[in-house]
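First the structure, in the form of structure tokens, and then the observations on it.
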Amino acid sequence: MNDPLALRGVVRTYRGEAGDLPVLRGADLVLRAGEIVALVAPSGMGKSTLLHLAGLLEQPDGGQVLIDGRDCGGLSDTERTAIRRLRVGFVYQFHHLLPEFSALENVLLPQMIAGVARRNAESRARALLESFGLGARGGHLPGKLSGGEQQRVAIARALANAPWVLLADEPTGNLDVGTSDVVFTELLKTVRGQGVAALVATHNTELAARMDRVVTLRDGRVVPM
Ligand SMILES: Nc1ncnc2c1ncn2[C@@H]1O[C@H](COP(=O)(O)OP(=O)(O)OP(=O)(O)O)[C@@H](O)[C@H]1O
Ligand SMILES: [Mg+2]
């Protein structure tokens, strides 16, 4: 079986007028199916950059990103987008829900874009919202939900297409301790139940300790913590 996600020697340098900023300098990381890995590093070290590259939202300047053993570097934008939609779930650092669509529609849309029939998409969306304790909130617009509820909708949305890889960027970053614990417990349960490979960037060392392994970034490389 292939590993759901592998980064091999990934390099990323931001180029600007003030000079080049090398953020990743040969990052290696493998996620196995059903494994949850915490990425803990100080602000500005490159956590979001690494997740965006792993999620095919950005292209590395060097090295390889493999999803299920397939090197995504040489693919066209269309092919990369298709793999991202079907195989990767992304929870953004700032949740990015579509404000004019209800919670249910936010979870339904990625499935419909992936070609799932409306009826099936809707029953999965309802089941996911239910499992995140939001069964009664499906009709609400994001603006009418609390921060914790919005973040749970974002996690449900990321899991909507039953991805192989879940990438979560500070999924509980803006929540109080109690709420972040509840949200994280739900995330952990769902990810374990579905055998998804997950990489979770967090500043919260207590949450990190509940994951299978903790890695950090040092000199642009991924190292165990
Ligand atoms: N689009 C960009 N253009 C130029 N520099 C960028 C860009 N995105 C990020 N950077 C820089 O790259 C470095 C890594 O940023 P990144 O967002 O990956 O850090 P992070 O570890 O996620 O930080 P945080 O914990 O604050 O979210 C930072 O110094 C940042 O300023
Ligand atoms: Mg970040």
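In this chain, residues are counted from 1 in sequence order. Numbering of ligands and ligand atoms starts at 1, following listing order.
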- [ ] Report the nearest protein non-hydrogen atom to atom 17 (O) of ligand 1: residue, atom name, distance rounded to 0.1 Å.
- [x] S48 CB, 3.6 Å

Open item on the list: Keeping K47 on the side-chain end and P42 on the backbone end, is there a donor-acceptor pair under 3.5 Å?
Closed with: yes

- [ ] Give me the protein N, O or S atoms that fall under 2.8 Å of the Mg ion (ligand 2), sorted by chain and residue number.
- [x] S48 OG, Q93 OE1

Open item on the list: Would you compute the distance between atom CG of N106 and atom NE2 of H96 and round it to the nearest 0.5 angstrom?
Closed with: 12.5 Å

Task: G46 heavy atom under 4.0 Å from ligand 1 - done: yes

- [ ] Give a yes or no on whether the backbone of A6 and the side-chain of D3 come within a donor-acceptor separation of less than 3.5 Å.
- [x] no

Open item on the list: For atom 26 (O) of ligand 1, what is the closest protein heavy atom, and at what distance to 0.1 Å?
Closed with: S43 OG, 2.6 Å

Task: Donor-acceptor pair between T49 and Y14 side chains, under 3.5 angstrom - done: yes

- [ ] Output yes when R8 and D28 qualify as a salt bridge under the 4.0 Å nitrogen-oxygen rule, no when they do not.
- [x] no

Open item on the list: Starting from atom 23 (O) of ligand 1, what is the nearest protein heavy atom, named by residue and atom, and what distance separates them?
Closed with: G44 N, 2.8 Å

TODO: Quick one: look up the protein heavy atom nearest atom 25 (O) of ligand 1 and list residue, atom name and how far away it is.
DONE: K47 NZ, 2.7 Å

- [ ] Provide the number and element of each atom of ligand 1 under 4.0 Å from a heavy atom of M45.
- [x] 19 (O), 21 (O)

- [ ] For atom 18 (O) of ligand 1, state which one of D20, T49, L50 supplies the nearest heavy atom.
- [x] T49

Open item on the list: Heavy-atom pairs closer than 4.0 Å: do any link ligand 1 to the side chain of H203, the backbone, both, or neither?
Closed with: side chain

- [ ] May I ask you to check if ligand 1 and L21 share an N or O to N or O distance below 3.5 Å?
- [x] no

Task: Pair Q111-N161, side-chain donor/acceptor within less than 3.5 Å - done: no

TODO: Rounded to the nearest 0.5 Å, what's the gap from NZ on K144 to CZ on R137? Could you check?
DONE: 13.0 Å

Task: Test item: side-chain donor near acceptor, D20 and T13, under 3.5 Å - done: no

TODO: Could you tell me whether ligand 1 has any atom less than 4.0 Å away from a heavy atom of R15?
DONE: no

